[in-house]
> 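Before we start, here is the structure in question, set down as structure tokens.
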Amino acid sequence: MVRKLRIVLFIFLCCLLSSGSFAEDKPKEVTAGSDSLEYTLPEIIVEGDNSMHSLRMEVIHAEEIKFEVFNNLNSTDDFDITCEWHAPLGTNIKRWSCDVGYMKKARADGIRDWRQGHSPILPSDHNLLIKNANRARALNKEMKTLAMQHPELAIAIINAHELEQLYKQEQKKRYKDSILVGDPEPDLAFNKLDIWAAAFEDHSNGVISDTTWKRWDSTYRKIFNLKSYRNVWKSTRHNKYGDDFVAYVNSIISKD
């Protein structure tokens, strides 16, 4: 069950963007002093009277943290993902959009070739995505690898996902009769506890090294210093997890 949930996480991670011939690049090593380890990954608290705008800003902030942590860890600037407010051609309405380094380069190369007469038309993003499909697979593979090695990235990804889900739920609740909401999307059933349990299982099976597991263990002990997360564990159905993992978490909770 837990292993399937982890797979769902990594499918979700990167349905967004693409990457290429860097499939064999090794992620750069990040020491305990790295900036990426200094991020505060806040607990998810949404007050009932929050405006949709403020909720949306929380989603965007979480997304910025997720990509900033990933950009600090990845192996190449071509995989760096940046986001900004951008007004599409023909409108003054700005939208929040994200882009990846290799796509920016591909567009620039396409414009150069068109201006120099090497190409009769400017390539569309759709065609560039198809052309760079191998890079998409490489980026996805690297993000998956880094999220397994660095819990701060996995947690940043889950924070962004949880806030996005909360935003969608609130949107459906407030505007349930609006055609703008669209058909409900299936929720992805994973959370911080599920990913922690997956890492625990992988460490027990020798998939995650002792060094990497120490990072997971340290990160989650800090998270569970927060009363809200201890309460989440106490209200969770423990029978969905293995006995060893339940005993391990209980040993941490009982010390508080």
Side-chain angles (χ1 to χ4, degrees), residues 5-44 57-86 96-107 129 132-165 167 188 190-192 194-196 198-199 202 208-209 211-213 215-216 218-220 222-223:
L5 287 169
R6 193 188 61 231
I7 292 170
V8 170
L9 164 66
F10 294 131
I11 290 172
F12 165 76
L13 288 184
C14 294
C15 353
L16 192 75
L17 300 157
S18 32
S19 277
S21 46
F22 298 95
E24 300 305 318
D25 285 357
K26 292 182 180 179
K28 57 199 173 202
E29 289 296 321
V30 178
T31 65
S34 166
D35 289 343
S36 69
L37 300 182
E38 300 301 320
Y39 286 106
T40 300
L41 302 174
E43 57 186 321
I44 306 300
M57 291 303 101
E58 287 295 322
V59 172
I60 287 172
H61 179 58
E63 192 171 63
E64 286 180 309
I65 291 176
K66 173 180 69 175
F67 289 140
E68 194 167 354
V69 175
F70 174 65
N71 293 348
N72 272 346
L73 292 169
N74 67 30
S75 63
T76 169
D77 291 346
D78 280 0
F79 286 175
D80 282 357
I81 300 168
T82 54
C83 305
E84 63 179 354
W85 290 100
H86 171 71
W96 181 251
S97 61
C98 299
D99 208 354
V100 63
Y102 68 81
M103 280 292 288
K104 292 179 182 178
K105 289 184 179 181
R107 288 191 203 96
L129 285 169
N132 289 279
N134 60 328
R135 293 192 171 192
R137 289 189 289 269
L139 185 149
N140 292 353
K141 178 180 177 182
E142 182 158 314
M143 191 177 281
K144 169 184 173 180
T145 300
L146 288 171
M148 291 178 70
Q149 294 173 350
H150 299 277
E152 66 274 14
L153 176 57
I155 292 167
I157 289 165
I158 296 167
N159 272 353
H161 167 74
E162 289 179 347
L163 279 166
E164 179 71 22
Q165 292 300 311
Y167 176 79
L188 297 177
F190 64 83
N191 54 47
K192 295 183 186 69
D194 294 328
I195 301 304
W196 191 15
D202 278 349
I208 287 181
S209 68
T211 301
T212 299
W213 172 247
R215 190 179 295 129
W216 279 89
S218 173
T219 299
Y220 269 91
K222 289 176 183 176
I223 289 174

> I want to check something: taking the side chain as every heavy atom from C-beta on, are I81 and M143 in contact at a cut-off of under 4.5 Å?
yes
> When rounded to the nearest 0.5 angstrom, what distance separates SG in C98 from CD1 in I60?
8.5 Å
> Please check: side-chain N/O of T212 versus main-chain N/O of I208, any donor-acceptor pairing under 3.5 Å?
no
> Does any non-hydrogen side-chain atom of I65 lie less than 4.5 Å from one of F70?
no
> For N74 and T76, work out which heavy atoms get closest and say how close.
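Looking at all heavy atoms of both residues, the shortest contact is OD1-O, 3.1 Å.
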> For T219 and I155, work out which heavy atoms get closest and say how close.
CG2-CD1, 3.4 Å
> Between I158 and E162, is any pair of side-chain heavy atoms under 4.5 Å apart?
yes
> Please report the shortest heavy-atom distance between T82 and K104, naming the atom on each side.
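Closest approach of T82 to K104, heavy atoms only: OG1-NZ, 2.7 Å.
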> Quick check on side chain to side chain contact (heavy atoms under 4.5 Å, CB included): which of L139, N140, L146 does E142 satisfy it with?
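With E142 as partner, L139, N140, L146 yield a single side chain to side chain contact (heavy atoms under 4.5 Å, CB included), made by L146.
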> Could E152 and R215 be called an ion pair, given the rule that one side-chain N must be under 4.0 Å from one carboxylate O?
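Here E152 does not pair with R215 in a salt bridge, since their nearest N and O are not under 4.0 Å apart.
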> List the atom of L153, the atom of A147, and the distance in Å for their closest heavy-atom pair.
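Scanning both residues, the minimum pair turns out to be CD2-N, 3.7 Å.
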> Examine distances only and state if a side-chain atom of W216 and a backbone atom of M148 form a donor-acceptor pair shorter than 3.5 Å.
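Side chain of W216 to backbone of M148, a donor-acceptor pair under 3.5 Å: yes, one is there.
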> If we only count heavy atoms from C-beta on, is the N159 to K66 side-chain gap below 4.5 Å?
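Sidechains of K66 and N159: no contact.
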> Atom CE in M57, atom CD in E64: separation rounded to 0.5 Å?
9.5 Å
> Minimum heavy-atom separation for F79 and N71, please, with both atom names.
O-OD1, 4.2 Å
> Using a distance-only test with no angle check, is there a side-chain donor-acceptor pair under 3.5 angstrom linking W96 and E84?
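Distance-only check fails for W96 and E84.
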> Using side-chain heavy atoms (C-beta onward) and a distance below 4.5 Å, is D99 in contact with R107?
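D99 reaches R107 side chain to side chain.
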> Locate the shortest heavy-atom distance separating Y220 from K192; write the atom from each residue and the value.
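Result for this residue pair: OH-O, 2.8 Å.
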